[in-house]
Amino acid sequence: MSVDVVTFGCRLNAFESELIAKHAEAAGADDTIVVNSCAVTNEAVAQARQSIRKLKRERPAARIVVTGCAAQTQAGMFAAMPEVDRVIGNDDKLRPDAWRATAQALASPRFGIEAFEKVAVSDIMAVTEMAPHLVDGFQRGLPRVFVQVQNGCDHRCTFCIIPFGRGNSRSVPMGAVVDQVRTLVERGHAEIVLTGVDLTSYGADLPATPKLGRLVKQILRHVPELQRLRISSIDSIEADADLLDALADDARLMPHLHLSLQAGDDLLLKRMKRRHSRADAIAFCDQVRRLRPDISLGADLIAGFPTETEEMFSRSIDLVEECGLTFLHVFPYSLRPGTPAARMPQVDGAVIRDRAKRLRAAGEAALLRRLDAEIGSEREVLIESETLGRTEHYLPAAVRGAVPGTVQRLMIVGHDGARLLVQDSVMPGLDPPARP
């Protein structure tokens with residue numbers, strides 16, 4: 001039986017799950033379920049635990065291996081679960097030899113195994129280099145694929161446990177990244193997404209310390225056949241001049257950025273140990289909009305961070321409009337033991353949930369405004385499937401009859417509240433909604 005991987009959390013985890021499946025299958029870990037966990041919130045950890053119990057009930061004979069950030073930071077907790085056969089750390093999960101050892105361990109008798117014997121988690125902080133990872137035949141047939149260029153984080157935001165799950169920042173050399181992108185383009189992938197944990201810290205550990213903008217320019221220069229390049233979440237305060245130049249000068253770099261903003265109040269940002277101010281965030285959004293007037297912007301925002309008052313929270317709500325945000329990822333604050341924020345005065349849980357709900361409502365209203373504004377425009381739509389495409393601005397579009405993997409210029413005639421509707425792709429009998 002094949003190896004099944006259940007993925008929680010970020011896009012980087014999704015990319016790494018492809019590698020995990022490849023290594024585990026090659027090692028012979030048959031009839032195995034791998035849970036690639038996330039540690040960003042308590043809820044994410046709880047979801048992984050619930051999933052493990054459910055999977056074991058559904059497939060009692062299967063071996064269950066847990067890896068990912070939650071496994072790295074809370075290995076003992078997962079090892080103590082009777083459903084779990086093995087816990088593998090975040091560095092180990094990408095190494096073929098770790099999976100060979102795991103396959104051997106899974107093949108041995110399991111009776112009476114102690115929790116500590118299940119654990120294969122190394123010191124993530126001791127990892128200083130990063131090898132390029134490219135799966136043979138990775139996601140064949142998918143128009144959009146990810147290339148991991150960076151891992152780990154050197155910053156210590158007071159709410160975040162991820163550096164302890166991912167380790168310190170480390171980067172893939174530029175030449176190796178360009179080679180990966182070229183290979184994927186040759187295989188027919190139309191859009192490449194550069195991903196990492198702290199993407200704008202790229203290159204600090206490499207010779208000559210190249211920045212993310214230089215990497216982007218090298219990709220665009222040396223892979224002229226690449227149709228679309230997109231970058232995942234960035235820290236706006238670290239965006240370099242080359243990155244902004246590329247955004248302004250090369251249409252192949254998609255006009256869509258997702259920003260790690262977290263809050264709109266300066267005192268909260270200071271308590272979070274963020275490196276930007278409210279004014280910095282607004283100024284950056286204004287700058288990129290001047291460079292690329294049609295750009296769409298998203299952001300991560302936390303609701304209910306310790307000590308947050310209603311007045312502080314209102315500044316985060318106001319930031320949605322002041323920065324012209326289209327997409328919001330809203331995180332209700334989650335106390336992570338061992339972080340400085342866990343020792344700060346906490347906001348009541350009901351208040352956190354209410355503020356998260358209000359932030360999401362502001363995000364939904366912002367998205368609707370952007371969808372309205374798209375009506376009557378022509379957009380380059382990457383066809384992801386027979387029914388879904390994405391514009392340059394990462395807006396979803398309902399399509400029909402198009403060939404997946406192609407990029408088509410389509411007229412936007414309306415939207416259904418969540419997706420754009422394009423000419424000749426409106427269902428029969430459905431009139432496109434008029435612009436309000």
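Annotation for Q150 and S201: closest pair NE2-OG, 3.4 Å, computed over non-hydrogen atoms. For S232 against T195, the heavy-atom pair with the smallest separation is OG-CA, 3.3 Å. Smallest separation of non-hydrogen atoms from D242 and G213: CB-C, 3.6 Å. Nearest heavy-atom pair across L267 and M312 is CD2-CE, 3.6 Å. In terms of heavy-atom proximity, D300 sits nearest to S233 at OD2-OG, 4.0 Å. Closest approach of A356 to V330, counting heavy atoms only: O-CG1, 3.8 Å.
Taking 4.0 Å as the cut-off between side-chain N and carboxylate O, R390 and E191 do not count as a salt-bridged pair. Salt bridge annotation for E384-R419: absent, with no cationic side-chain nitrogen under 4.0 angstrom from a carboxylate oxygen. A salt bridge links R182 with D179; the closest basic N to acidic carboxylate O contact falls under 4.0 Å. For the pair R315 and D266, the salt-bridge criterion is not met [side-chain N within less than 4.0 Å of a carboxylate O]. Remark: E374 engages R370 in a salt bridge, criterion side-chain N to carboxylate O under 4.0 Å.
Between R355 and L359 the shortest side-chain heavy-atom distance does not fall below 4.5 Å. In this structure, L215 and M174 have side chains that are in contact, with non-hydrogen atoms separated by less than 4.5 Å. In this structure the side chain of H256 reaches within 4.5 angstrom of the side chain of F327, judged on heavy atoms. Using a 4.5 Å heavy-atom threshold, the side chains of K273 and F159 count as separate. Residues V422 and Q408 fail the side-chain proximity criterion, which asks for heavy atoms closer than 4.5 Å. Side-chain contact check for P332 versus R360: some heavy-atom pair is nearer than 4.5 Å. Contact annotation: the side chain of T339 never approaches that of T158 to less than 4.5 Å [non-hydrogen atoms, C-beta and beyond]. Side-chain contact check for F313 versus L301: every heavy-atom pair is 4.5 Å or farther apart.
Remark: the backbone N or O of I33 is not paired with any side-chain donor or acceptor of D4 at under 3.5 angstrom. For the pair S296 (side chain) and H393 (backbone), a donor-acceptor distance under 3.5 Å is present. Using modelled atom types, one side-chain atom of N90 and one backbone atom of G165 make a donor-acceptor pair closer than 3.5 Å. Judged purely by atom type and a 3.5 angstrom limit, R271 has no side-chain atom pairing as donor or acceptor with the backbone of E308. Although no hydrogens or angles enter the test, the distance criterion places no donor-acceptor pair under 3.5 Å between the side chain of R274 and the main chain of L268. In this structure a side-chain-to-backbone donor-acceptor pair under 3.5 Å is missing from D235 to T200. In this structure, the side chain of S236 does not engage the main chain of F284 through any donor-acceptor pair within 3.5 Å. Looking at R230, its side chain does come within 3.5 Å of a backbone N or O of E392 through a donor-acceptor pair. Between the side chain of N168 and the main chain of D154, no donor-acceptor pair closer than 3.5 Å is present. Of the possible polar contacts, none joining the K270 side chain to the S277 backbone as a donor-acceptor pair under 3.5 Å is found.
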Query - Trace of the side chain to side chain contact (heavy atoms under 4.5 Å, CB included) decision for Q180 with V178 - result: CA-CA 5 Å; Q180 288 188 64; V178 172; over 6 Å; no
Requested in this report: Could you check L368 against H415 for side chain to side chain contact (heavy atoms under 4.5 Å, CB included), going step by step and ending with a plain yes or no?
Outcome: CA-CA 9 Å; L368 283 175; H415 67 80; 4.0 Å; yes
Report task. Give the C-alpha distance, both sets of side-chain angles, the deciding distance and a yes or no for salt bridge (charged side-chain N to carboxylate O under 4.0 Å, His left out) between R228 and E380. Result -> CA-CA 10 Å; R228 294 160 67 125; E380 300 288 334; 5.9 Å; no
Report task. Kindly indicate, with the supporting measurements, whether the criterion side chain to side chain contact (heavy atoms under 4.5 Å, CB included) is fulfilled by V6 and S51. Result -> CA-CA 9 Å; V6 179; S51 179; 4.1 Å; yes
Query - Worked verdict on M272 versus I302 for side chain to side chain contact (heavy atoms under 4.5 Å, CB included) - result: CA-CA 10 Å; M272 290 177 172; I302 295 174; 4.2 Å; yes
Requested in this report: Would you sort out whether D31 and R59 count as a salt bridge (charged side-chain N to carboxylate O under 4.0 Å, His left out), showing the intermediate values?
Outcome: CA-CA 9 Å; D31 197 12; R59 289 176 55 184; 2.8 Å; yes
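For CD of Q287, the number of neighbouring non-hydrogen atoms (other residues, nucleotides, ligands) closer than 6.0 Å is greater than 12. Atom CZ of R221 has 12 or fewer neighbouring heavy atoms from other residues, nucleotides or ligands inside a 6.0 Å radius. Taking a 6.0 Å sphere around CD of E386, one finds it holds 12 or fewer heavy atoms contributed by other residues, nucleotides or ligands.
Taking CZ of R100 as the reference point, atom CZ of R95 lies at 9.5 Å (rounded to 0.5 Å). Rounding to the nearest 0.5 Å gives a distance of 4.5 Å between CD1 of I162 and SG of C69. Atom CG of L297 is separated from atom CZ of R292 by 11.5 Å, given to the nearest 0.5 angstrom. For the atom pair CG (L94) and NE2 (H23), the distance works out to 6.5 Å, reported to the nearest 0.5 Å. Atoms OG1 and CE, from T391 and M254 in turn, are 9.5 Å apart once rounded to the nearest 0.5 Å. Rounded to the nearest 0.5 Å, atoms CG (L259) and SG (C323) are 7.5 Å apart.
A side chain to side chain contact (heavy atoms under 4.5 Å, CB included) with R166 is found for one member of N151, I161, T73 and no other, namely N151. For the side-chain hydrogen bond (donor to acceptor under 3.5 Å, both in side chains) test with E238, the passing option among K211, H155, H276 is H155; the others fail. Here the rule is side chain to side chain contact (heavy atoms under 4.5 Å, CB included) with L243, and of L257, V216, V288, L199 only V216 fits it. For the pairing with L253, the side chain to side chain contact (heavy atoms under 4.5 Å, CB included) check across L229, I219, D245, L226 returns one residue only, L229.
In the model, S122 has a side-chain atom that pairs as donor or acceptor with a side-chain atom of D92 under 3.5 Å. A donor and an acceptor atom, one from each side chain of T7 and S17, are located under 3.5 Å apart.
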